[in-house]
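Here's the structure we're looking at; comments come further down.
Naming convention: chains lettered A, B, ... in sequence-line order (proteins, then strands); numbering from 1 in each chain.
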2 protein chains.
Amino acid sequence: MPKPTLVVESDDPQVGLLEAAGKLFRQKGFAATTVREIAEAAGVWPGSLHYYFPTKESILLALMEQGIASAESGFRRALEASDDPIDRIRLAIRAHIRMLVGNEAGTYVLLYEGRGLTGDARTAMVRLRDRYDALWDGLLYQALGTGRLQSGIDVRLTRLFILGSVNWVAQWYSPDGGRKPDEIGDSFADTVLNGLVG
Amino acid sequence: MPKPTLVVESDDPQVGLLEAAGKLFRQKGFAATTVREIAEAAGVWPGSLHYYFPTKESILLALMEQGIASAESGFRRALEASDDPIDRIRLAIRAHIRMLVGNEAGTYVLLYEGRGLTGDARTAMVRLRDRYDALWDGLLYQALGTGRLQSGIDVRLTRLFILGSVNWVAQWYSPDGGRKPDEIGDSFADTVLNGLVG
DNA sequence: GTCTATACTCTGATAGAC
DNA sequence: GTCTATCAGAGTATAGAC
């Protein structure tokens with residue numbers, strides 16, 4: 001039996017392994033997932049896994065790099081729909097939630113499995129996360145510049161507030177749960193923006 | 001060398017083990033922490049650990065039970081300071097953050113290490129978490145009843161929004177970070193309450 | 001009640017056939 | 001490039017001395 005379960009679609013083993021690892025890391029966590037499980041879910045034998053990825057940690061790293069790339073490009077794409085910084089906050093919130101609940105397992109892993117990386121890989125990851133945070137801070141500064149928000153706002157704290165509520169969506173969202181991702185995003189954006197305008 | 005490191009204060013080994021496990025689970029995650037590490041940090045030999053806790057999972061469960069008890073009593077105590085439901089939301093937010101960033105490792109573990117439990121223990125945990133959520137929903141309904149909030153508010157979504165932002169504090173808070181827990185809570189409460197009043 | 005020694009399983013990773 | 005077979009080490013848990 002060359003391909004035991006074949007849970008994953010892609011023909012390219014490297015892509016299939018990443019996809020399988022993403023699902024498992026999200027479901028069970030990095031440390032609790034074994035390389036054998038990943039290989040099986042990808043329809044590959046355990047030994048072959050190490051041909052594509054030298055270590056388990058390198059799979060996590062690749063996944064996170066994919067996650068940060070998707071987060072950044074999603075953020076930038078969202079901003080194209082409007083020039084108004086206040087509108088753009090809403091658009092960015094929606095985009096962030098869509099990524100988190102979508103198939104892009106990398107984004108979830110990026111948020112919640114950072115402890116799995118050690119040494120240089122970890123510092124590299126933190127730097128990438130900081131870059132995404134900086135995108136948000138820039139947007140929030142722009143919004144402040146319009147004069148339509150309260151003047152005393154702490155940008156960093158506001159970013160942490162917004163990202164906290166949206167990141168948490170990944171913990172409770174269910175596709176059968178009634179609310180669609182964009183509806184959740186709009187509801188959150190309503191409260192946040194209304195709260196910041198005062 | 002009977003007590004190798006003695007990182008933990010308590011004399012009662014059971015308490016010391018829980019304390020040590022809480023710190024390690026919070027720092028490295030449940031799956032990545034070994035029972036040897038817990039035993040060493042508590043100043044107990046690995047074999048003795050299993051005298052107090054039959055399995056590693058039972059340590060996690062005990063920690064979570066401690067966490068939910070502390071969360072519930074903290075919530076109730078916070079409400080004693082005011083009779084106004086709107087004020088109480090602020091007080092509950094502050095209390096929740098204080099618990100998360102304080103020593104009570106159980107609260108953190110309760111939020112982020114639920115995957116470590118399996119079977120009956122897991123369903124039991126979910127039920128306990130639901131009970132805490134119900135406390136919040138009750139408070140939010142009360143606040144709605146005052147007529148001072150927007151009428152169309154979705155209580156569940158609002159609770160998830162608030163708890164998301166405050167739960168995330170556990171991921172970034174640092175004691176050296178300038179802002180004290182209550183300041184963070186007040187800032188969040190300002191934005192949320194202002195946003196819900198409209 | 002606490003520690004020593006160890007059983008046994010599972011883990012990540014490798015070597016080498018094909 | 002992919003699979004088979006296997007290694008060395010780490011994992012939880014146990015048995016039994018004291």
query = A:Ser48 side chain N/O closer than 4.0 Å to the phosphate oxygens (OP1, OP2) of D:dG1?
reply = no
key: Listed nucleotide nearest any side-chain atom of B:Trp45, set D:dA13, C:dT4, D:dC3   = C:dT4
ask   = So which one's nearest nucleotide on DNA chain C is more toward 5', A:Glu37 or B:Arg36?
value = B:Arg36
inquiry  = How close do B:Leu149 and B:Ala143 get, counting heavy atoms only, and between which atoms?
reply    = CD1-CB, 3.8 Å
ask   = Under 3.5 Å, is there a donor-acceptor pair between the A:Arg77 and A:Ser73 side chains?
value = yes
message = Using a 4.0 Å heavy-atom cut-off, does A:Ser58 contact any base of the nucleic acid, only the sugar-phosphate backbone, or nothing at all?
response = nothing
task = Using atom CZ of A:Phe30 as one end and atom P of C:dT11 as the other, report the distance to the nearest whole Å.
result = 14 Å
ask   = Rounded to whole angstrom units, what separation is found between the CD1 atom of A:Ile59 and the C1' atom of C:dG12?
value = 11 Å
request  = Tell me whether the centres of the aromatic rings in A:Phe161 and B:Phe161 are closer together than 6.0 Å.
outcome  = yes
query = How close or far is atom P of C:dC10 from atom CD1 of A:Ile38, stated in whole angstroms?
reply = 18 Å
note = Whole-Å distance, A:Leu49 CG to D:dT4 P, equals 15 Å
query = With sequence neighbours left out, which residue pairs that include part of residues 176-189 of chain B fulfil the side chain to side chain donor-acceptor pair (under 3.5 Å) condition?
reply = A:Asp154-B:Arg179, B:Arg90-B:Asp186, B:Arg94-B:Asp182, B:Arg94-B:Asp186, B:Arg98-B:Asp182, B:Ser174-B:Asp176
request  = Would you indicate which nucleotide in D:dA13, C:dG12, C:dC3 comes nearest to any side-chain atom of B:His50?
outcome  = D:dA13
task = Please report, rounded to the nearest Å, how far the P atom of C:dT11 is from the CD atom of A:Glu57.
result = 18 Å
ask   = Touch check for A:Thr34, heavy atoms < 4.0 angstrom, all strands: base, sugar-phosphate only, or nothing?
value = sugar-phosphate
B:Lys56 NZ - D:dA10 C1' separation (whole Å) = 12 Å
ask   = Relative to the ring of A:Trp136, is the ring of A:Tyr132 parallel (under 30°), tilted (30 to 60°) or perpendicular (over 60°)?
value = perpendicular
key: Distance in angstrom units between A:Leu17 CG and C:dA13 C1', rounded   = 15 Å
task = Find the distance B:Glu40:CD to D:dG11:P and express it as a whole number of Å.
result = 12 Å
